[in-house]
Amino acid sequence: MMSFQNMLKDGYKHLSGLEEAVLKNIEACKALSHITRTSLGPHGMNKLVINHLDKLMITSDAATVLTEMEVQHPAAKLLVLAAKTQEAELGDGTNLVVSLAGELLGNAEELIREGLHPSEIVEGYQKAVNKVLEILPELALPGTEKLDMRNAEDVARALRGPLAAKQYGYEHLLAPLVAQACIEVCPANPKNFNVDNVRVSKLIGGSVNKSTVVDGLILRRDTEGTIKSVTDAKVVVYGQAVDTAATETKGTVLIENAEQLESYSRSEEDKMEEYIKGIADAGAKVVVGNGAFGEMAMHFIERYGLMAIKIPSKFELRRFCRATGAVALVKNDPPSADDLGFVKGINVEEVGGSVVTIIKQDIKVGKIATVLIRGSTDNMMDDMERAVDDGVNSFKAYTRDARLLPSAGAVEMELSHRLYDFGRKQTGLDQYAIAKFALSLEVVTRMLAENAGLNAENVLPVQRAAHAAGNTSAGLDIEDGTAKDVAADTGCYDSYEVKYWALKLAADAAITVLRVDQIIMAKQAGGPKTRTPGEDD
């Protein structure tokens, strides 16, 4: 009888069975989750990642680590895809997805070795996750479903949890800044909130305490001319260089005497002056270009007292247009009244040794706010930026569902406690899988304890006892390892929306991996291999 391998082209790989496929997949996923889980929580460890471009990053953000690692194993990629889905949809909770999925697969491995079939484990896990998502709404803190998205104090309190997980100790400083920036750009219907309207600018020097929020944009460059400050000005934006037009094809001009040379030069100058004068006559005080400003153009811009700003990034140019209400013109012609934008003020300032252009805007015109982060090192500010991004994404999640859950592992321990009770009432073999799902949920509390230097074997019994006594909000105090009512004592919360999707995606990823019993890999496409930097010829 012909084997399956003989049916395939040369170079194909075929893996099947428990040992070759299922358990190897589980092993790869466990290895991936062991990398990220040590970064979970306020005391999570940092990872030093050097990517393929030799860029060095020191971060505890799981999404960044997974993106830069370039995972190749097909089963581990499923976990990475689940984490990326979580990051794209909600911007937070990626570490929980990978850590929980890895723990679920690790416990499933034990059941497989004890003789259970993966299908029975999948059935049990499916029942367990359905029950977990059914219990979760009951754990939402009462009264939080009506969070006032315009109240800076309430929003800051809700954001402390996500920010503390990334930058423990700075959450009381960052939460009001993120809340202020988000509220300033929040539209009349909060559900239309756009996370791209809150920008982050990093300037080295000073301390984190000097971070602030600017109504508008910050450009990390000087203006082109001598005009450094304008107020209440109209703006014209060009999507290309502000310079004399060049022909698309080569041409030859025959000049026979000095008068013709002079008139040729003068006609070019007259054309440029007419162009710049048209801008000034339209009422614009600021000229913004996507490319370079020519010398002749700068001469007439200075003569008519206009400010010139170069924005090389097309993405930054779009944000500038959105903030000012201007239309980016693609032809060097004087603008119409409808093409002009408006700014409240543009000033060039020196901040920490860096010259920056601060564009302040009336929020009624263009809703863009910038969180200006100060710090001593680039790596520190990069991590602060990731924390701010998580905070902004959490605000977006609150606009869809404002319910809050107690943090510090309280929700997972309560779900685990209730799931154990649910599993005991089941009569089939899936009860063992449900019990393992309940055990897997304890990974959050265990990793919070271990990352904080506590003994998890001492912490978990205390937490279990607190939840068995009916304290549904009992979470881990990472300072002394005791069980505290998180909602009442610490004021740290998690987003219901983030937790819901993290639990769902982690379970779905684990179930998908368990359903795989064969791996068929084609031979990689041909072509020369890329040389690594420093490799000998």
Side-chain angles (χ1 to χ4, degrees), residues 181-182 184-187 192-203 212-243 275-276 279-280 282-294 297-298 301 305-349 351 354-373 385 388-389 392:
C182 291
E184 281 180 357
V185 302
C186 189
N192 294 331
F193 176 79
N194 184 359
V195 293
D196 197 46
N197 287 344
V198 178
R199 310 304 305 160
V200 177
S201 185
K202 300 167 290 185
L203 290 177
T212 185
V213 175
V214 175
D215 301 339
L217 282 170
I218 294 179
L219 303 177
R220 296 185 60 179
R221 60 187 303 123
D222 198 351
T223 57
E224 298 299 307
T226 57
I227 310 294
K228 302 295 181 186
S229 176
V230 296
T231 54
D232 296 330
K234 289 182 180 178
V235 182
V236 59
V237 178
Y238 291 97
Q240 75 279 329
V242 179
D243 202 352
Y275 166 40
I276 302 297
I279 293 173
K285 290 184 185 176
V286 182
V287 183
V288 178
N290 189 219
F293 284 79
M298 282 306 305
I301 284 172
L306 307 179
M307 176 185 274
I309 302 174
K310 177 184 171 185
I311 304 180
S313 166
K314 63 180 179 181
F315 303 106
E316 203 70 40
L317 194 73
R318 281 179 201 159
R319 293 187 194 104
F320 183 88
C321 290
R322 197 163 65 238
T324 59
V327 176
L329 302 175
V330 293
K331 195 176 177 184
N332 285 349
D333 283 333
S336 67
D338 293 337
D339 297 329
L340 296 174
F342 175 82
V343 287
K344 191 176 180 181
I346 301 179
N347 296 296
V348 176
E349 296 180 14
V351 182
S354 302
V355 176
V356 296
T357 303
I358 298 178
I359 300 153
K360 293 190 176 178
Q361 183 57 298
D362 190 337
I363 291 297
K364 294 174 184 174
V365 178
K367 297 196 171 187
I368 281 191
T370 303
V371 180
L372 176 61
I373 294 175
E385 181 182 14
V388 170
D389 286 342
V392 174

**OP:** Work out which heavy atom in Phe293 is nearest to a heavy atom in Ile309; give both atom names and the distance.
**Re:** CE1-O, 3.5 Å
Subject >> Expected output: side-chain Arg220 to main-chain Leu203 donor-acceptor under 3.5 Å >> reply: no
Original post:
Would you say the side chain of Ile279 lies within less than 4.5 Å of the side chain of Pro335, judging by non-hydrogen atoms?
Top reply: yes
Original post:
Can you tell me how far CG of Asn197 sits from CZ of Arg322, rounded to the nearest 0.5 angstrom?
Top reply: 5.0 Å
**OP:** Give, for atom CD1 of Ile311 and atom CG of Leu217, the distance between the pair rounded to the nearest 0.5 Å.
**Re:** 7.5 Å
Subject >> Straight-line distance of Leu372 CG to Ile358 CD1, nearest 0.5 Å >> reply: 7.0 Å
Original post:
Under a 4.5 Å cut-off applied to non-hydrogen side-chain atoms, are Leu306 and Ile227 in contact?
Top reply: no
Subject >> Nearest non-hydrogen partners of Leu340 and Ala282, listed with the distance >> reply: CD1-O, 3.4 Å
Original post:
Should Thr357 and Ile346 be marked as a side chain to side chain contact (heavy atoms under 4.5 Å, CB included) after you check the CA-CA gap, both sets of side-chain angles, and the distance that decides it?
Top reply: CA-CA 7 Å; Thr357 303; Ile346 301 179; 3.5 Å; yes
**OP:** Look up atom CD in Glu349 and atom CG in Asp222, then write down how far apart they are to the nearest 0.5 Å.
**Re:** 12.0 Å
**OP:** Looking only at non-hydrogen atoms, find the nearest pair between Ala292 and Ala241 and report the distance.
**Re:** O-CB, 3.2 Å
Original post:
Run the side chain to side chain contact (heavy atoms under 4.5 Å, CB included) check on Gln240 and Val330 step by step: do they pass?
Top reply: CA-CA 7 Å; Gln240 75 279 329; Val330 293; 4.3 Å; yes
Subject >> Thr223 side-chain N/O to Ala308 backbone N/O, donor-acceptor pair under 3.5 Å >> reply: no
Original post:
Listed by chain and number, what are the salt bridge (charged side-chain N to carboxylate O under 4.0 Å, His left out) partners of Lys331, not counting sequence neighbours?
Top reply: Asp333
Original post:
Below 4.0 angstrom, N of the basic side chain to O of the carboxylate: do Asp232 and Lys285 qualify?
Top reply: no
Original post:
To the nearest 0.5 Å, what is the distance between NZ (Lys344) and OG1 (Thr324)?
Top reply: 15.5 Å
Subject >> Asp196 vs Phe315 side-chain heavy atoms within contact, under 4.5 Å >> reply: no
Original post:
Is there side-chain contact between Val348 and Val355, with at least one heavy-atom pair below 4.5 Å?
Top reply: yes
Original post:
Can any side-chain N or O of Lys228 pair as donor or acceptor with the backbone N or O of Gly225 at less than 3.5 Å?
Top reply: yes
Subject >> Met307 CE to Ile301 CD1 distance, which is reported to the nearest 0.5 Å >> reply: 11.5 Å
Original post:
Can you check whether Lys310's main-chain N or O pairs, donor with acceptor, with Asn290's side chain at less than 3.5 Å?
Top reply: no
